[in-house]
Every structure is written in structure tokens, then in C-alpha cells.
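Just so you know, these numbers come straight off a predicted model, no measurement behind them. Residue numbers start at 1 and run along the sequence shown.
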Amino acid sequence: MLIFPIALILVLGSVLQDSFSSDLKLDKMTVEYTIQKDSDVGKAFRDFAAEASGKQVTFKEADSAKAGKKAVSDGDAVGFVAVTDDLTVTTNAPSQIEMSVLNGYLDGFTSQYRLASTIVKVDPTQIGVLQAPPKASDSAIQIEKLASGSNITAFEYYAIAMIAMVMMFGISSGINVFREEKVRHTDVRLFIAPIRKSTAIMGNFLGAIFMQTMSLILLMVISDVFFGVNWGMYSLVIFVIYFSLLFLSVALGMAVDVFSNGNPAANGAAMLLIQVFAFLGGAYFPTGDGLMSKLSPIGWVRVGVRDVLYNHDLAAAAFPIAVNLLITVVLVVAMSFWIRRKEVY
């Protein structure tokens with residue numbers, strides 16, 4: 001139970017760590033423009049372009065609008081700006097960071113120009129401010145790498161996902177709860193004991209959870225020490241998320257055994273179900289936050305833990321905990337009615 005997930009974290013984290021690298025590199029950008037109308041906006045933009053050009057971003061005046069658009073189409077320029085009384089920008093599928101930088105420069109110009117225009121309207125003697133465009137330096141563009149849900153290492157990703165998968169192995173423990181009672185012939189004693197059937201179910205249910213809980217604690221400690229997953233101040237919340245999945249998996253295993261009347265094939269079917277949940281939930285390869293993850297308990301737990309841990313979104317814990325406990329309650333109640341009807345395990 002412990003060696004399997006640790007081995008997978010080590011192997012998958014080592015092999016796929018380059019796939020999780022999100023180092024950003026901003027190449028030199030060229031922005032072409034034309035001043036199509038002699039106006040204060042055009043004069044201000046020409047001055048702005050001269051001041052803003054630097055090592056990282058270069059503003060270049062095109063011979064014509066057609067030439068500027070062709071440069072964009074050929075990939076020689078990130079964007080083309082046609083300046084009249086306003087700015088019209090033409091781009092050709094730039095990267096997200098290139099588009100952000102371009103928007104930042106143009107937003108900076110328009111904000112400063114509007115401010116200057118307002119000053120001139122209030123005090124016409126200050127018309128000189130229109131000729132003093134904002135200056136932008138290369139140091140104004142900084143790329144900072146933050147720990148977030150979309151920017152984690154392969155070891156962190158697989159540690160979170162594998163712990164969720166191990167919690168799903170509680171299905172096997174749940175299946176064996178009543179099966180072991182039958183093998184030891186202690187199911188008859190439970191049946192004639194002066195206790196409710198629901199009490200017997202809950203007793204077996206909580207007993208099956210104990211070993212899985214020990215595995216959860218050990219895996220969280222090992223992930224912190226060896227794989228760099230710093231659970232930090234959110235460790236208790238994350239423990240509760242995983243623990244709710246453990247409740248669900250054990251209840252699901254017990255339900256499979258009860259409703260199949262102890263069919264030996266149920267264990268094999270449950271193992272297959274775990275693998276389906278693992279693939280859908282992103283235990284072996286990233287599946288994002290889309291529909292696939294929402295179809296798997298491993299998926300919604302993985303997303304919830306990630307958002308709590310790296311995005312500091314405590315509200316993200318509510319969904320997986322609520323869904324896991326709700327399904328658990330439904331399964332336990334259904335088992336109680338089923339066993340009460342049959343009066344045997």
C-alpha cells in the first residue's frame with residue numbers, strides 16, 4: 001500500500017518532470033505602426049514609440065498599413081497599430097505572454113494620454129504634457145514564477161494524485177470487511193447479537209478505515225520530506241479532503257460486496273473501477289480540470305487539494321468533501337435497508 005504509490009511518484013515524477021516545466025522566456029518583440037492621421041494622438045504615439053523601444057520591445061513605423069499587416073502575417077512583428085483618432089491593433093495569434101506585454105504597453109499609452117488630455121481641457125496652458133509620453137523600460141517587464149495550481153513540479157503533482165489513488169484502494173478493504181466475517185463465520189454472531197444492523201455496519205466500516213488512515217498520514221509525511229509537497233498551514237484541511245475520499249471508497253467497497261451477495265468477481269471489478277477512476281482523475285497523466293476529472297473521485301479530490309494548497313482557496317475543499325460524504329451516507333443507508341430486508345449479510 002505504501003511502496004506502490006511512492007514508486008510511481010518517483011518514476012513518473014522523474015520521467016515527466018520536463019513536461020511540467022513552465023519556465024517562461026520572452027523573445028524580442030517588434031510592434032509596427034503607422035500614423036494615418038495628423039492629430040495629437042498620432043504625435044503622442046510617435047513620441048511614445050520612440051521612448052518605449054528598447055532591448056525587449058521595439059516599435060517600428062511601417063511604410064504603410066499594408067506593409068505593417070504583412071509583417072504581422074509573416075511573423076516579423078507581434079502586432080501592427082494603426083493610429084488615427086484611436087488605436088486599431090492587428091495581431092496574428094501571439095502567445096499569451098506576448099499579448100499581455102503588447103496590451104500592457106498600449107494600455108499604458110492610452111491611460112497616460114487620456115490623463116494628459118483631461119489636464120489640457122482643464123488648463124490649456126499645460127498642452128506640453130501631450131508631448132511627454134510615458135516611458136517604458138525593459139525592467140518594467142518582469143516574469144515571476146509563483147507556486148500555483150497550474151505551476152507545480154511533476155513530483156508535487158503525482159504526490160497529490162497518488163495519495164488520492166491510494167485512498168481509493170479503500171474499496172478493496174471495504175469489500176473484505178463482510179467477506180472476512182463470512183470466512184470466519186462470525187457473521188452469524190453479528191446477526192443474532194442484540195444490536196442494530198446499522199451498528200454492525202458502522203463498526204465494520206470504521207474498523208476498515210483505520211489502516212487506510214495510517215497510510216494517509218505516512219504518505220503525507222513522506223511527500224513532504226522527500227517530494228517537496230509542503231502541506232503547511234493547510235495540512236489539516238487537505239487531510240480532511242483525503243479522509244472524506246477514504247470514507248467514500250470503503251463505503252463503496254462494502255456496498256459492492258453487499259449488493260453482489262459476496263460474489264468473488266466483485267473484487268476484480270472493483271480493482272478495474274479504481275484504474276478507470278485513476279485514468280479519468282489524472283493519476284497517471286494530467287487531465288486538467290475538465291469533464292474527465294469531474295467523473296472521478298480521484299479527479300475532484302486532486303483538484304480540490306491542489307487549489308487549497310497552491311491557490312490558497314479554502315472554498316475549493318467544500319465540493320470534494322461534501323460530495324464524498326454525501327455519496328458515503330447514501331451507500332451506508334442503502335446497505336442498511338438491503339441487509340435489513342435480507343436479514344443476512
Side-chain angles (χ1 to χ4, degrees), residues 1-16 152-177 205-231 234-257 266-287 292-293 295-306 308-309 317 320-321 323-325 327-328 331:
M1 195 66 73
L2 289 173
I3 294 175
F4 176 65
I6 292 172
L8 280 180
I9 295 170
L10 185 61
V11 172
L12 293 175
S14 300
V15 172
L16 300 176
I152 60 178
T153 67
F155 289 109
E156 291 171 321
Y157 176 89
Y158 283 112
I160 293 171
M162 287 301 160
I163 293 177
M165 188 175 73
V166 170
M167 293 304 98
M168 280 305 300
F169 282 133
I171 291 179
S172 180
S173 299
I175 287 176
N176 290 325
V177 165
F205 176 71
L206 294 175
I209 283 175
F210 177 75
M211 289 302 296
Q212 292 288 111
T213 303
M214 295 298 101
S215 297
L216 172 57
I217 294 172
L218 287 173
L219 284 173
M220 289 185 68
V221 171
I222 291 171
S223 299
D224 190 351
V225 175
F226 295 104
F227 299 117
V229 184
N230 183 13
W231 306 109
Y234 303 107
S235 56
L236 182 59
V237 176
I238 292 170
F239 178 85
V240 173
I241 296 175
Y242 282 130
F243 196 67
S244 68
L245 178 60
L246 174 56
F247 263 63
L248 168 61
S249 63
V250 173
L252 181 59
M254 292 172 65
V256 168
D257 185 61
N267 203 7
M271 293 300 102
L272 180 62
L273 182 62
I274 291 173
Q275 295 307 314
V276 171
F277 283 152
F279 276 105
L280 292 176
Y284 298 124
F285 57 90
T287 55
M292 287 182 65
S293 291
L295 295 175
S296 167
I298 294 175
W300 65 62
V301 164
R302 175 183 59 79
V303 173
V305 170
R306 182 204 64 191
V308 170
L309 183 58
I321 292 174
V323 172
N324 291 341
L325 294 182
I327 297 175
T328 300
L331 290 173

- Query: Going by the side chain to side chain donor-acceptor pair (under 3.5 Å) test, which pairs reach into residues 236-251, not counting sequence neighbours?
  - Reply: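 Passing the test, one end in residues 236-251: Ser244-Asn324.
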
- Message: For residues 271-280, which residue pairs pass the side chain to side chain donor-acceptor pair (under 3.5 Å) check, not counting sequence neighbours?
- Response: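 Qualifying pairs, neighbours excluded: Gln275-Tyr284.
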
Between [atom1] on residue [X] and [atom2] on residue [Y], distance to nearest 0.5 Å:
X	Y	atom1	atom2	value
Thr328	Leu252	OG1	CG	9.0 Å
Tyr157	Arg302	OH	CZ	4.0 Å
Ser215	Ile163	OG	CD1	10.5 Å
Leu246	Phe239	CG	CZ	8.5 Å
Phe169	Ile171	CZ	CD1	9.5 Å
Ile3	Leu10	CD1	CG	12.5 Å

Which atom of [X] lies closest to which atom of [Y], heavy atoms considered:
X	Y	result
Ser296	Leu280	CB-CB, 3.8 Å
Met271	Ser172	CE-CB, 3.5 Å
Leu295	Phe277	O-CE2, 3.9 Å
Gly282	Ala161	O-CB, 3.9 Å
Leu245	Pro297	CD1-CB, 3.6 Å
Val237	Ala317	CG1-CB, 3.7 Å

Going by heavy atoms in the side chains, are [X] and [Y] under 4.5 Å from each other?
X	Y	value
Met220	Ile217	no
Phe155	Val229	no
Val305	Trp231	yes
Leu331	Met254	no
Leu8	Met165	yes
Phe243	Leu325	no

- From CA spacing to verdict: side chain to side chain contact (heavy atoms under 4.5 Å, CB included), Leu309, Ile160: CA-CA 10 Å; Leu309 183 58; Ile160 293 171; 4.3 Å; yes

- Message: Using modelled atom types and a 3.5 Å cut-off, is there a donor and acceptor pairing between side-chain atoms of Gln212 and backbone atoms of Val166?
- Response: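 Yes: the side chain of Gln212 pairs with the backbone of Val166.
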
- Message: Show, in sequence, the C-alpha distance, side-chain angles and deciding distance for Met167 and Val301, and conclude whether the side chain to side chain contact (heavy atoms under 4.5 Å, CB included) test is met.
- Response: CA-CA 10 Å; Met167 293 304 98; Val301 164; over 6 Å; no

- Task: Verify the neighbour count for atom CE of Met211: are there more than 12 heavy atoms of other residues, nucleotides or ligands below 6.0 Å?
- Result: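 No - once you tally the heavy atoms of other residues, nucleotides and ligands closer than 6.0 Å, there are 12 at most.
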
